[in-house]
Participant: 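Pasting a structure below so you can have a look.
Lettering of chains follows the sequences in order, A, B, ..., and the numbering in each one begins at 1. FYI, side chains are in, hydrogens and waters are out, and symmetry mates aren't considered; it's all heavy atoms of this structure.
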4 protein chains.
Amino acid sequence: MPKVGMEPIRREALVNATISEIGRVGSLDVTVSQIAKRAGMSSALAHHYFGGKDQIFLAAMRHILSVYGAQVRAALLGAKTPRDRVEAIIRANFEAGNFRPEVIAAWLNFYVLSQSMDGARRLLTVYQHRLHSNLVHGLRPILGEDALQDAHDLADMIAAQIDGQFIRHALREETPSGKRATAQVLDFVDAMLKARGN
Amino acid sequence: MPKVGMEPIRREALVNATISEIGRVGSLDVTVSQIAKRAGMSSALAHHYFGGKDQIFLAAMRHILSVYGAQVRAALLGAKTPRDRVEAIIRANFEAGNFRPEVIAAWLNFYVLSQSMDGARRLLTVYQHRLHSNLVHGLRPILGEDALQDAHDLADMIAAQIDGQFIRHALREETPSGKRATAQVLDFVDAMLKARGN
Amino acid sequence: MPKVGMEPIRREALVNATISEIGRVGSLDVTVSQIAKRAGMSSALAHHYFGGKDQIFLAAMRHILSVYGAQVRAALLGAKTPRDRVEAIIRANFEAGNFRPEVIAAWLNFYVLSQSMDGARRLLTVYQHRLHSNLVHGLRPILGEDALQDAHDLADMIAAQIDGQFIRHALREETPSGKRATAQVLDFVDAMLKARGN
Amino acid sequence: MPKVGMEPIRREALVNATISEIGRVGSLDVTVSQIAKRAGMSSALAHHYFGGKDQIFLAAMRHILSVYGAQVRAALLGAKTPRDRVEAIIRANFEAGNFRPEVIAAWLNFYVLSQSMDGARRLLTVYQHRLHSNLVHGLRPILGEDALQDAHDLADMIAAQIDGQFIRHALREETPSGKRATAQVLDFVDAMLKARGN
DNA sequence: AATGAATGAGGATTCATTCAT
DNA sequence: GATGAATGAATCCTCATTCAT
């Protein structure tokens, strides 16, 4: 058994275990012991590496958001047209990595956590802003440069539609279908653009 | 001091206190003592009336949903056309009674609670179904009787948009604007209907 | 079993138990559970009444100091001459209530606690000042009104001698003899006064 | 990096770190990790060299007492008369090496430790006895060979006065003045001897 | 109807200590 | 010689819940 360089391994295991446990229980009422046990270590070690429960939650949240962020960036790389960009962003939200039951459950719980924990709120806000500006960036060329307010409004609505899709799946037992969610949001975007004459 | 007929008064006080406390704290990590204190009684009495914390939460949830249900029903009374019906349903969601910070916070928390508490999930499911069928009922005449699947899809999307509006406001410090939320959802519905040629 | 008005009873029991346990163990490494057990209740109740371990310690310290303060006041009542006053103060320190092994042990531990806990330090400082000014008050008429500095110095030395007597007894197994301690301090005071021509 | 002969260096570093940490915190609630960190090594190594926390404390105590012992011996070398001897012993107590805030704090804490740890008590007792017999040795020629009991009593009182001076300084923020402490104890001794006609 | 009293169960966190490398 | 890794055992504190009055 190797005894050096365990830190990143342990941290990753704990982050994954945290998401799994939150997904399993369906709430943040998860003990450090449960998390540590699932990650295959003692709760003392979890504290040793993260300092406390809050930090563990924060790390798990950061992980989810960074995986998501990476997917968005990757998706944007292949986008040629503004329309492609918007579509890529939307698709990234419902990709396999994000749109799994346990991740959806964790995501919803982190939303709640952000209401009471400053660090979590900051994290979430950053990602919301990024999503928003990415969307606006894609929408402006389509709507016309002078329709800035409209781009912001539409970006808000798309973001709401994405969040809405997530939350709708948080309570379903069935395996969430990223395909259908994507289709609905894209359908929605098309209708909005068409209604605006684009 | 009257000692009789206190029950409904106490229950109501506790339900309101529960929503307030959840709103204040921003999570379900609210103690029975906190709730009872805000309601002006001992925690023992809270237990006496509700039997336990879960029941208190359930009652608060039921209260929120029933106020909401009443508003939908009231709104539907004045609706003449199918379009009116859809609009009425949407408006009801963002009416003053529902769309207050503490209620939004509580609502989000109850969504989470539904992931781990059967009674809560049932309650929520009932209301989601009701919203869905109300929407379908309004949409079918507009979309045409043979577009049933389309009506279901659109109802889903509208519901998602509504949820999305709620969740977007859960983290904002500003007083939520029911007006703007309503406008966005209606804008969205119009676009969808227009895109479908209605 | 009476179920009302328990608070003062419980608090007193806890304070006594705290002193006993500190005396028994000989250090502040005493758990709330140990204290509570000796006081005949659950540790949860101890927390309920005091809020935390620090408050329990503080209450015990306050108790010791206030018993001591009362003894000083009582002793001063019967003092006619300045010399009587000084002697009364000294005697009060070694009276039965204070000069018991467990109280001596607790006293020493509280001295240490005062190095790290602000509340404890304040408490102790107040009593040190009171002792000092009581002594000065008694000494000035004896030493002459213009020998103020001398009175302060002598008061310091008497206080040191008293503390020294306590600490010397903190490690002895034998039952401490208040009589001998008193005699030594008085002998010391007499010598000091005599040396100064009084 | 030399890997041999580290032991004495490490031990000394740990002993000093222990005294510093106890002085800093003001109590024995100091973790081995804190001590080791200040000594510039891992806590595992501290255990390796001392076997356990108790041994570390004991070593630190032994260090303080042996420095003190050396100072007494050195002071006694230059003493010609019995009076000189007594004075030398007293001066040694308040010399720079001992009478520093952190050492005073540690000393007080070790006094407490002696109440619960046998090894510590033995150590302390040995030094108390040595101080006592040194004092008696100096006092007997002064008081007269037949005043043995008186010599013992006076030695006790001097020891108490010294301890009292230490404890009085344990709570002060100001830098302790060895000069003033020495002066007071000597003043006290002079008065006692004078009162006895010497 | 109402509450102060009381507790068992549990959870976050700390820490001395051990061990493999 | 030296340390990061790891944990069991505690300890403080909280809280839902019960009960006697």
Participant: Who are the side chain to side chain contact (heavy atoms under 4.5 Å, CB included) partners of B:N16, not counting sequence neighbours?
Facilitator: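 B:E12, B:H63.
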Participant: Parallel under 30°, tilted from 30 to 60°, perpendicular over 60°: which one fits the rings of D:Y127 and D:Y68?
Facilitator: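 Rings of D:Y127 and D:Y68: tilted, as their planes differ by 30° to 60°.
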Participant: Excluding sequence neighbours, so at least two apart, what forms side chain to side chain contact (heavy atoms under 4.5 Å, CB included) with C:T31?
Facilitator: C:S33, C:Q34
Participant: With sequence neighbours left out, what residues match B:Y111 under ring pair (Phe, Tyr, Trp, His ring centres under 6.0 Å)?
Facilitator: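 Counting only residues at least two positions away or on another chain, B:Y111 forms a ring pair (Phe, Tyr, Trp, His ring centres under 6.0 Å) with B:W107.
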Participant: In residues 106-121 of chain D, which ones come under 4.0 Å of DNA chain F, going by heavy atoms?
Facilitator: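 Residues of residues 106-121 of chain D under 4.0 Å from DNA chain F: none.
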Participant: Could you tell me the separation between the CD1 atom of A:I56 and the C1' atom of E:dT13, rounded to a whole number of Å?
Facilitator: 11 Å
Participant: Between C:E7 and D:A44, which has a closest nucleotide on DNA chain E that is more 5'?
Facilitator: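 In this pair, the answer is C:E7.
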Participant: Do C:Q115 side-chain atoms and D:A170 backbone N/O form a donor-acceptor pair below 3.5 Å?
Facilitator: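 Present.
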Participant: Heavy atom of residues 46-53 of chain B under 4.0 Å from DNA chain E: which residues?
Facilitator: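 Hits under 4.0 Å, by residue number: B:H48, B:Y49.
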Participant: What is the distance, rounded to the nearest whole Å, between atom CG of A:L45 and atom P of F:dT7?
Facilitator: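 About 6 Å, once rounded to whole Å.
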Participant: Tell me: CD of C:Q55 to P of F:dC12, nearest whole Å?
Facilitator: 14 Å
Participant: Sequence neighbours excluded, which residues qualify as side chain to side chain donor-acceptor pair (under 3.5 Å) partners of B:R10?
Facilitator: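 Side chain to side chain donor-acceptor pair (under 3.5 Å) check on B:R10 returns nothing, list empty.
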Participant: Take the protein atom CD1 of B:I9 and the nucleotide atom C1' of E:dA2, then report the distance between them rounded to whole Å.
Facilitator: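 Answer to the nearest Å: 15 Å.
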Participant: Check DNA chain E against residues 21-43 of chain B and give the residues with a non-hydrogen atom under 4.0 Å, in numerical order.
Facilitator: B:M41, B:S42
Participant: Can you tell me if the side-chain N/O atoms of C:R10 get under 4.0 Å from OP1 or OP2 in E:dA6?
Facilitator: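 For E:dA6, OP1/OP2 do have a side-chain N/O of C:R10 under 4.0 Å.
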Participant: Let me confirm one number: the CG-OG1 distance from D:L58 to D:T18, rounded to the nearest 0.5 Å.
Facilitator: 11.0 Å
Participant: Going by salt bridge (charged side-chain N to carboxylate O under 4.0 Å, His left out), name the pairs with one or both residues in residues 100-127 of chain A, residues two or more places apart or in two chains.
Facilitator: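 As it turns out, the salt bridge (charged side-chain N to carboxylate O under 4.0 Å, His left out) pairs with a partner in residues 100-127 of chain A, which skip direct neighbours, are A:R100-A:E102, A:R121-B:E173.
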Participant: In residues 41-53 of chain A, what donor-acceptor pairs under 3.5 Å come from side-chain atoms, sequence neighbours left out?
Facilitator:
residue, atom, partner, partner atom, Å
A:S42, OG, A:L45, N, 3.2
A:H47, ND1, A:S43, O, 3.2
A:K53, NZ, A:V30, O, 2.9

Participant: How would you list all residue pairs meeting salt bridge (charged side-chain N to carboxylate O under 4.0 Å, His left out) that involve residues 37-50 of chain C, not counting sequence neighbours?
Facilitator: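 Sorted pair list: C:E21-C:R38.
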Participant: Figure out the CG/C1' separation between B:L14 and E:dA1, and round it to whole Å.
Facilitator: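 In whole Å, E:dA1 C1' lies 14 Å from B:L14 CG.
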Participant: Verify side chain to side chain contact (heavy atoms under 4.5 Å, CB included) between B:L108 and A:L108, making sure each step is shown before the conclusion.
Facilitator: CA-CA 9 Å; B:L108 178 55; A:L108 179 54; 3.7 Å; yes
Participant: With pairs defined as Watson-Crick or G-U wobble and both distances under 3.5 angstrom, please note down DNA chain E as a dot-bracket string, | for pairing with another strand.
Facilitator: .||||||||||||||||||||
Participant: Could you walk me through whether C:S27 and C:I22 pass the side chain to side chain contact (heavy atoms under 4.5 Å, CB included) check?
Facilitator: CA-CA 6 Å; C:S27 87; C:I22 292 175; over 6 Å; no
Participant: Could you tell me which residues satisfy salt bridge (Lys or Arg N to Asp or Glu O under 4.0 Å) with C:R62, sequence neighbours excluded, listed by chain and number?
Facilitator: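 So C:R62 forms no salt bridge (Lys or Arg N to Asp or Glu O under 4.0 Å) with any residue.
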